[in-house]
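Here is the structure we will look at, set down as C-alpha cells.
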There are 2 protein chains.
Amino acid sequence: MARGREPTVKDVAEHAGVSPGVVSRVVNANGSVSERTRERVLASIAELGYRPHSAARELRTRTTNTIGLVLADVANPFFSQLADHIVRHAADAGLGVLLTTTQEDPAMELKSIELLLQKRVGGVIAAPGTENAAAWRHMRETGVELTFVDRFIDRIPGIDVVGMDNEHASHSATTALIERGHRRIALVNGPSATSTGRERIAGHRRALQEHGIAEDPGLVVELAFRPVEAETALSGILALPQPPTALIVGNTAVSASVVTHLRSAGISVPHDLSVVVFHDAEWTALTSPPLTVVRHPLDDLARHAVDMLNTRLNSPERLRRREKRLPSELVIRPSIAPVRD
Amino acid sequence: MARGREPTVKDVAEHAGVSPGVVSRVVNANGSVSERTRERVLASIAELGYRPHSAARELRTRTTNTIGLVLADVANPFFSQLADHIVRHAADAGLGVLLTTTQEDPAMELKSIELLLQKRVGGVIAAPGTENAAAWRHMRETGVELTFVDRFIDRIPGIDVVGMDNEHASHSATTALIERGHRRIALVNGPSATSTGRERIAGHRRALQEHGIAEDPGLVVELAFRPVEAETALSGILALPQPPTALIVGNTAVSASVVTHLRSAGISVPHDLSVVVFHDAEWTALTSPPLTVVRHPLDDLARHAVDMLNTRLNSPERLRRREKRLPSELVIRPSIAPVRD
DNA sequence: TTGTAAGCGTTATCAA
DNA sequence: TTGATAACGCTTACAA
C-alpha cells in the first residue's frame, strides 16, 4: 500500500521561497497574501504538481469532504439509479462518496457503519435496514450527520428523512384497480418492519376501506428484499380457491422475478391478472404487455438527500429534524384492465 | 462539517494507565504487550468506544484502505451490477470504495482522478474513457495502483487489465446468426475509440470473413454510450434499401432504447429482425420474445479486479503488467431465428 | 503581508 | 514489556 513521495506544502514553500503558512493561505484562499507572492506560489504548485493531502487536512481541520452512502444492493435498479444521482449531486457539491452495500444483512450494515465511523466521514446517506437502530442513533450522537433516504427506522432527532409518499402511491395504485372493477387485489410487499412496507400496506388498506372492500389477509405477502422466495409466495397466492384478479408488487427487489414467474406459470396479463409494479425500471415498458408502474422521482430524491445533508454539514448549530416526502406518479400502461366477469 | 470529540489513543492510554504506544500496539496486534495489559487496554477501548482515526493513521503510515472506483454511469445495469460485486469483494478484503461516475464525460473523469489523487487512495479500479490517457498514466506514476476493468486505453506498464473476451463473444454472436442464414447483419456498437468497441467489431468482421460475407459499412453504427442517438441511427439502418435481417447490439448503454424503438417502429422480432444483445440484464428474458444475449461473468470480473488490485497494494515490489480475459457466454433465446426467404 | 510554531491522532524508533 | 519522542502534512493563532 505504499505511495510514492509527493510534494508537500513544505516543498512548495521552499520552491517559491516563502513559508508553508503562505502556501496554505494561497491554496485555501484564506488569510492575506500579496498578489505577487500568490502568483509565485501558484506557479510553484503547478510546476511541482502539488496536491493537498486530504488525510492531513482532515486531521488538522477535523472536517471531511467525504460522505458515506449505505444501500442494500446496487444491483437493484431502484438503488443503482438512486446511487447514480446521489454521486452526481454530491460531486457537484464537492463531496466524495464512499459507497457500501449491506445486501439487507444487518451484520454487513454494522460493518458499513463501523467503516464509515473510522473514516470519520462528515455525513452519511442511508436506506437503513431494520435491525441496527441503536448503531444509527449512536452514529448520530457521535456527530455524524445522517440523512435517511427512501426508508427510515425511527423518527430520531437530528436525522433527516427524504422519501416518497408511499401511502399515497400505494393508495393510487389500489384505487386504479378498484376503479377497474377489481375486488381481489394481491399485494406483494417488502417486510412490514420497513417504513416503506408499512406505508404501502396502509395506503392499500385505506383504498380498500374507502370502497367497502373487506381485506383478505391471504392476499398480502411480505417478502424479504431478495428475489428467492418470490416464486413460492406467488404460487401460493395464485393457487388460492379464489385467486386475485390483480397484483401490486410493492417490493422493487422482486419485480423482475415476479414477472418471470407469471410468464412461466402461463398467466396472461392483463387477461388473467392485472399487474402494477413499484419503480419504473428501464425495462417495464418493454414487457408484453407494458407494465403499469409507480414512478418515483429519483433525481429529486437524490437532490434533496444531498442538499439536506450538505446543509447540516455546513451549519454550525444543531438543526431540527426535517422530513421531506416526494410524490410518486402512477403511470398507466396496458398491464391493467377491467376485471373479467 | 465539524465532528464531536471522540476518544483518542491518548484517552484510552490514560484510562488504562499505559502509554499511547502500548494502545497502538494492541490495536494493531503489532509489537509486544503482556497479556495482562492487553486485556486492560481492550477493556478501556470497549468502555470508551474508541475507534482509530483513519486520517491520522493514513497520514502516519502513508497507507490507505480505500480504493477508488471510476465508472461511467451506475444507472447502466452492466456497471451497477459490476459495482455491486466490486464493493462486496472489496469489503471482504477490508477495503472501502470511493465511487465516482463520469457520465462518459472526459472533464468529469478528470475531476474524479483529481479527487482520488487528493484522497490518496491506494488504488483505483476504473473503466476508463478515451481522452484522459495522460492523466491515468500520471496517476500510475504518482504511485497509485491501477486496474482497468471492462475497457482499457493503452497497454500501460504497471496497469493491469481485466475484461471480457469481446472479440470472441462478438464472433460467436455473429456466427450464430450466420448459421441461421443471415447475411445482412447490423451491428450497433460503442465507439471504436474504446477497446470494447474495437474488439467487438473485430470479432464481427472475422466471423463474416470466415463465411465469405462482404462487409457492408452501412450496417455498422457506432453510438456514444448515451441512449439519445439510438433512435435516429436505428431508423437509418432499418430504412436502407436492403435492410438487415439481424441486429447485434454491442453497446450496453443503449440496449433498452433500441428495443423500445424496434417495438414502436412495429418491427417484429425475430420475424422481421433477429436480435442479439450484449449483457444479460435482469429484463432480457422478459421481453417478447425473450432476447438472445451475451452473458458476461460479472462476479468473476469483479473478483479478479479486486484481487489484482489488492495484490499490488500488498506487494512491495513493482509488478509486471497483467491482463486477464474472461469468457462470455452466448445465451440463445427466441429473439433469433432462421432468416426468411 | 509574512514567518514561526504548535498540534490534529497515529505509529515507529529507540532507550529504559 | 513498556514509555518517551518524533514525525506524517496540514492549518491557524500569533508574533514580527
Side-chain angles (χ1 to χ4, degrees), chain A residues 1-42 44-45 48-65 117-122 142-143, chain B residues 1-42 44-45 48-66 117-120 122 142-143:
Chain A
M1 297 215 200
R3 296 286 316 274
R5 185 169 180 308
E6 292 206 50
T8 70
V9 265
K10 213 177 145 198
D11 298 324
V12 176
E14 279 173 16
H15 187 272
V18 295
S19 77
V22 177
V23 177
S24 172
R25 272 171 265 154
V26 169
V27 171
N28 299 294
N30 201 318
S32 52
V33 269
S34 78
E35 187 53 27
R36 224 177 126 278
T37 57
R38 208 182 76 88
E39 276 169 18
R40 231 175 40 245
V41 169
L42 287 176
S44 299
I45 287 177
L48 299 181
Y50 166 74
R51 233 175 295 269
H53 189 304
S54 285
R57 193 178 255 180
E58 287 174 24
L59 183 58
R60 171 67 227 227
T61 62
R62 312 168 136 281
T63 67
T64 236
N65 62 159
L117 242 21
Q118 291 203 10
K119 291 285 178 194
R120 301 293 197 277
V121 293
T142 264
Chain B
M1 297 216 199
R3 295 286 315 276
R5 187 174 178 304
E6 290 206 51
T8 70
V9 265
K10 214 177 145 198
D11 299 322
V12 175
E14 277 173 18
H15 187 273
V18 295
S19 77
V22 177
V23 177
S24 172
R25 271 173 266 154
V26 169
V27 170
N28 299 294
N30 202 319
S32 53
V33 268
S34 78
E35 186 53 27
R36 225 178 124 276
T37 56
R38 207 182 76 89
E39 276 168 18
R40 230 174 43 244
V41 169
L42 286 176
S44 299
I45 288 178
L48 299 182
Y50 167 73
R51 234 176 294 269
H53 190 304
S54 285
R57 197 176 251 181
E58 288 173 24
L59 181 59
R60 172 67 228 225
T61 63
R62 311 170 137 280
T63 67
T64 250
N65 61 158
T66 305
L117 241 22
Q118 291 204 9
K119 291 285 178 195
R120 301 292 198 278
T142 265

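FYI, side chains are in, hydrogens and waters are out, and symmetry mates aren't considered; it's all heavy atoms of this structure. Chain A is the first sequence line, chain B the second, and so forth, proteins listed ahead of strands; every chain is numbered from 1.
Looking at the side chain of B:V22, the nearest of the listed nucleotides D:dT2, C:dT11, C:dT1 is D:dT2. Relative to the side chain of B:N28, the nucleotides C:dT11, D:dC10, D:dT2 differ in distance, and C:dT11 lies closest.
Residue B:S19 places at least one side-chain N or O under 4.0 Å from the OP1 or OP2 atom of D:dG3. Between C:dG9 and A:R62, a contact under 4.0 Å exists linking OP1 or OP2 to a side-chain N or O. Residue A:N30 has a polar side-chain atom (N or O) positioned under 4.0 Å from OP1 or OP2 of D:dT12. The side chain of B:T37 places an N or O atom within less than 4.0 Å of a non-bridging phosphate oxygen (OP1 or OP2) of D:dT2. Not one side-chain nitrogen or oxygen of B:R60 sits closer than 4.0 Å to the OP1 or OP2 atom of C:dG9.
In this structure, B:K10 atom NZ and D:dG3 atom P are separated by 15 Å, rounded to whole Å.
Contacts of B:V9 with the nucleic acid, taken as non-hydrogen atoms under 4.0 Å apart, include base atoms. Among the atoms of the strands shown, base atoms are found under 4.0 Å from some heavy atom of A:S24. Residue A:S34 is classed as a sugar-phosphate contact, given heavy-atom separations below 4.0 Å to backbone atoms only. Within 4.0 Å of A:T61, counting heavy atoms only, lie sugar-phosphate atoms of the nucleic acid but no base atom. Residue contacts for A:V27: at a heavy-atom cut-off of 4.0 Å it reaches no nucleic acid atom on any strand shown. Using a 4.0 Å heavy-atom distance criterion, B:R51 is classed as a sugar-phosphate-only contact.
The shortest side-chain heavy-atom distance between A:V18 and A:R38 does not fall under the 4.5 Å cut-off. B:I45 is listed as a side-chain neighbour of B:V27, based on a closest heavy-atom distance under 4.5 Å.
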